[in-house]
Q: 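Below is the structure I would like to discuss, written out as structure tokens.
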Amino acid sequence: MRKLFSLIAGILIFSGLPVLGWGIYDVSGFIHNPYRLAYVIMMTVLSVLGVLFVPNDCRGKGTGTQPLKKHNLSLLLLQIVPPLIILFGPLFDHRGIAMFSHSNTIRGVGLILTLLGYLLMNLCVFSLGRQFSVEETLSNNHQLFFIFFSSRRRHTRYLGITAFIGGIPLIFNTWI
């Protein structure tokens, strides 16, 4: 039941919010651009794959002995900022506000950046398995995991989140 809820929430947030931001009465105008349509299809497929293959056993509280309180603000911002970007990006695109040039190159770069960011942040969750938690904690048996180039960058998941969130406005050709 939890996986079904995650799937529905993912599709509504990542595929439904952009259509709502664009304008629910102009869905044909939204899907007229192949990059916007590709984004909705991509996010729907990735939501399904994420529910099927990414473990969510420890997505709640951390299991460590010392929770890090300063992390609460970043968690709050990660819950508020992405949905606002996903909602306002298409709104600005439809209304022509804060736009880049009318070239589709920026939209293509945004689509690739969003895809790579999504894959990277979920690869981290998949790799960590049961040790993954959204709450940062320090534990006695703490181990570092190195994924791809993370031996040089410790916060690979944050890099993925940044690429994912940074690519979405580009898909909608806005610099918000």
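Bear in mind that the values here come from a model prediction, so they are computed numbers and not experimental data.
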Q: Does D93 use its side chain to pair, donor to acceptor, with the backbone of G89 at less than 3.5 Å?
A: no
Q: Do L37 and L111 belong to the same hydrophobic cluster, where Ile, Leu, Val, Met, Phe, Trp and Tyr are linked whenever their side-chain heavy atoms lie under 4.5 Å apart, directly or via other members?
A: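 Yes, same cluster.
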Q: Is there side-chain contact between V109 and I106, with heavy atoms separated by less than 4.5 Å?
A: no
Q: If you round to the nearest 0.5 Å, how far is OG of S47 from CG of L52?
A: 10.5 Å
Q: I want to check something: taking the side chain as every heavy atom from C-beta on, are L7 and K3 in contact at a cut-off of under 4.5 Å?
A: no
Q: Answer yes or no: is there a donor N or O on one side and an acceptor on the other, between the side chain of D26 and the main chain of G29, under 3.5 Å?
A: yes
Q: So, F172 versus Y39, ring centres under 6.0 angstrom or not?
A: yes
Q: Quick check: is F53 connected to V51 through a chain of hydrophobic side chains (ILVMFWY, heavy atoms under 4.5 Å apart)?
A: yes
Q: Taking all heavy atoms of A163 and all of G117, pick out the closest pair and write down the distance.
A: CB-CA, 3.8 Å
Q: When you look at CZ of F30, are more than 12 heavy atoms from neighbouring residues, nucleotides or ligands closer to it than 6.0 Å?
A: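 Yes.
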Q: Are V45 and L113 connected in a single hydrophobic cluster, I mean Ile/Leu/Val/Met/Phe/Trp/Tyr linked by side-chain heavy atoms less than 4.5 Å apart?
A: no
Q: Within the structure provided, determine whether I85 and I165 are in side-chain contact (heavy-atom separation under 4.5 Å).
A: yes
Q: In Å, rounded to the nearest 0.5 Å, how long is the span from CZ of R95 to CH2 of W22?
A: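 It is 9.0 Å, given to the nearest 0.5 Å.
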Q: I need the F92 CZ to L87 CG distance, nearest 0.5 Å.
A: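 These two atoms lie 9.5 Å from each other.
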Q: Using the rule given for side-chain contact (heavy atoms from CB on, under 4.5 Å), can you reason through R107 versus L170, listing the C-alpha separation, both sets of side-chain angles and the distance that settles it, and then say yes or no?
A: CA-CA 5 Å; R107 293 181 193 271; L170 298 179; over 6 Å; no
Q: Answer yes or no: is there a side-chain heavy-atom contact under 4.5 Å between I24 and V19?
A: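 In short, these two side chains touch, coming nearer than 4.5 Å.
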Q: With rounding to the nearest 0.5 Å, note down the distance linking OG1 in T174 to CD1 in I97.
A: 8.0 Å
Q: Once the angle between the rings of F164 and F14 is folded into 0 to 90°, is it parallel (under 30°), tilted (30 to 60°) or perpendicular (over 60°)?
A: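 Ring orientation, 0 to 90° scale: perpendicular.
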Q: Would a hydrophobic clustering, with Ile, Leu, Val, Met, Phe, Trp and Tyr connected at side-chain separations under 4.5 Å, put V48 with F5?
A: no
Q: Hydrophobic clustering (ILVMFWY, side-chain heavy atoms < 4.5 Å, transitive) - are V81 and I171 grouped together?
A: yes
Q: Between V40 and S15, what is the shortest heavy-atom contact and its length?
A: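 Taking V40 first and S15 second, the nearest heavy atoms are O-OG, 3.4 Å.
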Q: How many angstroms lie between CD1 in I86 and CE in M43, if you round to the nearest 0.5 Å?
A: 7.0 Å
Q: To the nearest 0.5 Å, how far apart are CG in L46 and CG in L119?
A: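 Taking CG in L46 and CG in L119, the distance rounds to 6.0 Å.
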Q: Spell out, as yes or no, whether a donor-acceptor pair under 3.5 Å connects the side chain of R36 to the backbone of I31.
A: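 Not confirmed, R36 side chain does not pair with I31 backbone.
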Q: Taking the side chain as everything from C-beta on, heavy atoms only, tell me whether T114 gets closer than 4.5 Å to M42.
A: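 Yes, at least one pair of side-chain atoms sits under 4.5 Å.
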